[in-house]
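See structure below.
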Amino acid sequence: MATGIPHIKLLWWSYLASDCMLFGGLIAGYLIYKGRSHAPPYPMDVFDFQTTTISTFILLASSLTMVLQLAAIQKGNLARFRLFNILTILAGLIFLGFQVFEFRAFYDEGLTLQTNLFGASFYLLTGVHGMHVAVGVLWMVALLIYSYWGGVTKKRAIDVEVAGLYWHFVDVVWIVIFSVVYLMEYTA
Amino acid sequence: MSHDRIALPGFLAFLRRRPTAKSGLMSWLTTVDHKRVGLMYFWSGLFFLLVAGGQALAMRMQLSQSDNQLVGADMFNQLLTMHGTTMVFLAVMPLSASFMNYIMPLQIGARDVAFPRLNAFSYWMFLVGAIVLNASWFLGGAPNFGWFGYANLTSLEFSPTHGAEFWILGLAVLSISSTVSSLNFIVTILNMRAPGMGMMRMPVFTWMTLVTSFIVILAMPAVTVGLIYLLFDRMAGTGFFNPAIGGDVLLWQHLFWVFGHPEVYIIVLPPMGMMSDILPTFARKPLFGYPIVVFSGAAIGFIGFSVWAHHMFTVGLGPVANTAFSLTTSLVAIPTGAKIFNWLFTLWGGKIRFKTPMLFAVGFIAMFLIGGLTGVMNSAASADYQQHDTYFIVAHFHYTLVGGGLYGLLAGITYWFPKLTGKMYNDSVGRKAFWLFFTGFNLTFLSMFLLGLLGMPRRIYVYSADMGWDLPNLIATIGAFAMAAAIGWLVFELFRALRHGEPAPADPWDARTLEWTIPSPPPEYNFAAIPIVEAREDLWDRKMRGRTAKTLPEGPLGIHMPSQSWMPLIAAFGVLLGGFGLLYSLPLALTGVGIILLAFFAWALEGEAGYHIHPAGEAK
């Protein structure tokens with residue numbers, strides 16, 4: 001490999017560049033429509049920062065468990081790999097659970113896709129992100145099952161590494177979303 | 001690497017049995033060979049070129065005289081939308097893709113692309129996209145709002161048929177196809193070059209494939225966001241482009257053109273790369289200024305991301321924005337001009353043979369120049385106020401997209417046809433078809449420059465007799481039929497050659513790059529032995545220095561070949577079901593998603609597998 005980077009890693013890094021542009025577009029759309037909704041609810045009417053901070057922390061922690069998952073298999077420790085893999089899955093599922101909880105709460109307070117531009121751009125942005133998390137969780141589950149068939153080994157640790165790349169990317173995107181969508185409300 | 005050590009549970013053992021058919025329908029459905037994928041793109045692209053050409057002819061017949069009622073307004077709108085969409089996404093892009101798939105790996109001395117199954121998936125997704133888009137004709141009406149789909153003409157209120165959904169879903173699927181292809185090409189070009197082939201020894205076509213691939217992966221998401229917004233507006237009641245609740249129709253235009261302008265470079269850069277390989281061959285001279293040509297291609301790709309709002313000069317962005325985009329648009333003309341000059345200097349002092357590919361290549365220089373210079377005219381926002389939305393623009397972009405893009409592709413097609421098929425076509429027919437096409441092309445589009453300056457707007461289905469537009473329109477229609485005849489003649493000749501043409505040698509043109517060192521058509525494994533590259537234009541270097549290439553020794557097991565697979569096709573089929581399901585039936589949609597997931601898991605579990613052969617052809 002002429003770059004010294006294995007094909008699969010180069011592929012995923014390139015894909016993440018593309019995915020960056022996707023989220024960039026969705027975040028830009030959110031920012032363009034920020035403050036331009038004609039009708040309530042508006043962000044400060046519905047956001048619950050404590051709850052979202054918790055879910056954010058959990059997602060960030062999942063990046064740690066992801067790294068530990070990778071470190072474990074790089075040392076050939078299958079049991080430890082499985083432990084941190086399961087923790088990563090749990091963290092992802094909890095995050096998604098929080099998202100569902102949050103969407104339901106907003107819905108009950110009158111925020112739907114149709115209500116206003118905030119509803120539309122918020123649900124789409126966080127929804128697309130949530131779908132990325134869900135795909136990531138599926139990927140982790142696949143790796144877990146695969147590990148019982150002898151598919152996850154020290155020699156093929158790169159398979160876990162690229163899953164980690166994706167996972168960390170989705171996490172970093174959430175950091176941007178959390179900052180731009182939630183935290184920036186404090187500066188408005 | 002092999003997954004033989006994986007202890008797949010019993011019910012999954014079937015995944016170990018990979019399809020092995022080497023001929024017949026199954027061999028095409030399960031192929032992972034970049035050459036076969038390239039051929040499928042080629043015939044598909046050619047087919048849709050003819051379809052979109054037919055759509056153009058219908059429009060030209062309607063416009064050939066004033067107050068005509070041959071084609072009504074709504075049908076005309078469907079034709080103009082589908083002509084543009086089909087030409088861009090289903091004709092020109094796949095024709096480019098066919099050569100990027102077939103030729104690029106050969107040019108770098110590789111046996112295939114980095115991810116063969118992913119490559120096949122790209123093609124099947126293309127086919128699904130083409131089906132979804134064209135299903136609209138039969139299911140309520142084709143989209144009728146222009147290939148750029150401006151909001152809120154595309155809203156449910158103003159576009160009530162499903163045409164819009166088919167357009168959205170079709171484009172979404174096609175964008176996945178292109179993105180996946182591009183990712184594959186990036187890894188292939190960066191990682192799989194033969195030993196000794198540094199980046200600055202790659203043929204320019206390969207370089208342009210790389211640049212184009214980067215543009216694709218970075219530009220597609222913009223339109224994807226727009227398409228998601230539009231789909232939700234139409235199917236979920238959101239108001240992204242609904243002015244009544246504060247939505248901004250300009251947001252669509254920005255999102256679309258942030259993709260749409262780089263898209264035209266996606267269309268034109270690979271043909272430019274073909275030019276840079278073809279001109280030296282038929283001028284018997286190396287490309288003048290190779291580093292500048294390469295760098296200019298990259299510069300065009302980069303600067304091309306900064307010009308998009310020149311499509312929006314008249315929407316009211318204000319003088320500061322308009323000025324900025326005028327400047328960036330003029331800026332992109334500089335590296336473009338550099339390429340033109342380098343091609344001219346390549347020709348100067350060369351020993352020129354005017355075979356068919358060379359005619360198209362030289363034609364490209366002249367026609368693209370006209371397109372480019374009128375582009376500079378359009379880049380001046382103040383002048384564009386006069387030219388925008390008139391036939392002047394139609395003429396401009398046809399001179400660049402056809403005069404540049406299609407001429408370049410025809411140069412490539414007539415250049416590489418012998419390599420792909422192992423047959424020679426009749427060059428005399430090719431040359432005559434060229435002149436017929438050239439004549440018709442200029443009759444049509446020069447007339448349109450005139451019509452634009454006479455004030456004829458775009459996208460009108462009829463015009464009245466007192467406008468004074470009759471004669472140029474008639475001439476334009478005559479030119480269109482001449483183009484159709486020329487293409488028909490050329491395609492007919494290519495089909496004839498396919499069946500009855502003279503067998504082609506490995507190097508019919510006395511060319512300069514690696515693809516001409518192997519038989520026509522190449523064997524499944526491309527190179528019997530991977531060459532060690534010692535120069536740019538390595539084949540020419542070997543000829544001039546009278547050396548034979550050193551090669552890598554064969555591995556102990558022989559040549560490793562990727563195994564065929566059903567999964568790319570099955571996954572794409574799942575997408576097809578999902579697309580139609582989204583519009584008509586939730587159970588169908590869920591079935592589609594289920595099939596996609598299963599196919600992806602099976603894809604991962606069946607692994608890369610592979611088998612070995614020796615160049616004599618025996619399997620191991």
Side-chain angles (χ1 to χ4, degrees), chain A residues 1-29 32-33 35-39 112-121 123-125 127-128 135 138-139 141-143 145-153 155-156 158-159, chain B residues 1 3 5-9 12 108 114-115 118 179-180 182-184 186-195 197-199 213-214 216-226 228-229 232-233 236-240 242 244-248 250-251 254-255 258-259 597 600-601 604-605 607:
Chain A
M1 27 209 88
T3 57
I5 304 169
H7 297 340
I8 191 77
K9 232 201 280 195
L10 189 54
L11 183 79
W12 277 99
W13 273 111
S14 305
Y15 168 73
L16 293 180
S18 189
D19 222 6
C20 233
M21 298 299 282
L22 184 76
F23 280 107
L26 289 166
I27 291 170
I32 285 164
Y33 283 148
R36 284 164 56 160
S37 290
H38 286 177
T112 67
L113 276 169
Q114 296 94 351
T115 315
N116 55 18
L117 291 173
F118 165 57
S121 56
Y123 283 126
L124 260 187
L125 171 60
V128 168
V135 166
L138 266 175
W139 195 343
V141 170
L143 281 174
I145 298 173
Y146 203 45
S147 78
Y148 284 99
W149 297 341
V152 180
T153 61
K155 216 163 149 221
R156 290 291 306 179
I158 195 170
D159 288 344
Chain B
M1 61 130 282
H3 278 219
R5 283 178 292 112
I6 312 299
L8 286 178
L12 290 178
I108 62 172
F115 298 95
L118 204 61
T179 301
V180 165
S182 298
L183 292 171
N184 219 340
I186 288 171
V187 178
T188 305
I189 292 172
L190 291 181
N191 266 359
M192 292 176 69
R193 285 164 284 133
M197 183 169 280
M199 296 291 285
S213 298
F214 273 109
V216 167
I217 70 171
L218 296 174
M220 286 288 176
V223 73
T224 304
V225 171
I228 295 174
Y229 283 174
F232 269 76
D233 270 13
T238 52
F240 287 105
N242 181 359
I245 70 151
D248 192 347
L250 281 190
L251 179 59
H254 281 294
L255 286 170
V258 164
F259 152 76
L597 285 174
F600 279 166
F601 280 123
L605 290 173

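Values in this document were obtained by computation on a predicted structure and should not be read as measured data. Quick note on labels: first sequence line is chain A, next is B, and so on, each numbered from 1. Below, all heavy atoms of this structure are taken into account, side chains as well, without hydrogens, waters or symmetry copies.
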Option in Leu255(B), Leu251(B), Thr224(B) with maximal non-hydrogen atom pairs under 4.5 Å from chain A: Leu251(B)

Between Ser121(A) and chain B, which part of the residue has a heavy atom less than 4.5 Å away: side chain, backbone, both or neither? both

Against chain A, label Ala222(B) side chain, backbone, both or neither, depending on which of its atoms sit under 4.5 Å from a heavy atom there. neither

Cut-off 4.5 Å, heavy atoms of chain A, and the answer for Ala194(B) is neither

Decide side chain to side chain contact (heavy atoms under 4.5 Å, CB included) for Phe232(B) and Ile228(B); before the verdict, give the C-alpha distance in whole Å, the side-chain angles of both, and the deciding distance to 0.1 Å. CA-CA 6 Å; Phe232(B) 269 76; Ile228(B) 295 174; 3.9 Å; yes

Within this structure, what is the CG-CE distance for the pair Leu190(B) and Met199(B), rounded to the nearest 0.5 Å? 5.5 Å

Need one label for Phe600(B): side chain, backbone, both or neither, based on atoms under 4.5 Å from any heavy atom in chain A. neither

Quick one: what part of Asn184(B) sits under 4.5 Å from any heavy atom of chain A, side chain, backbone, both or neither? backbone

Residues at least two apart in sequence or cross-chain that pass side-chain contact (heavy atoms from CB on, under 4.5 Å) with Leu218(B), listed by chain then number, are Ala17(A), Met21(A), Phe305(B)

Relative to each other, are the rings of Tyr229(B) and Phe240(B) parallel, tilted or perpendicular (30° and 60° limits)? parallel

Test side chain to side chain contact (heavy atoms under 4.5 Å, CB included) applied to Val152(A) and Asp159(A), step by step: CA-CA 8 Å; Val152(A) 180; Asp159(A) 288 344; over 6 Å; no

Chain A contact via Phe214(B) - which portion, at a heavy-atom distance below 4.5 Å: neither

Quick check: are there more than 12 heavy atoms from other residues, nucleotides or ligands sitting under 6.0 Å from CH2 of Trp13(A)? no

Listed once per pair and sorted, the side-chain hydrogen bond (donor to acceptor under 3.5 Å, both in side chains) pairs that draw on residues 19-29 of chain A, sequence neighbours left out: Tyr15(A)-Asp19(A), Asp19(A)-His132(A)

Contact leader toward chain B among His38(A), Arg36(A), Gln114(A), where contacts are heavy-atom pairs under 4.5 Å: His38(A)

Given a strict heavy-atom distance threshold of 4.5 Å, which part of Leu124(A) is in contact with chain B: side chain, backbone, both, or neither? side chain

Counting only heavy atoms closer than 4.5 Å, note whether Leu11(A) contacts chain B via side chain, backbone, both or neither. both

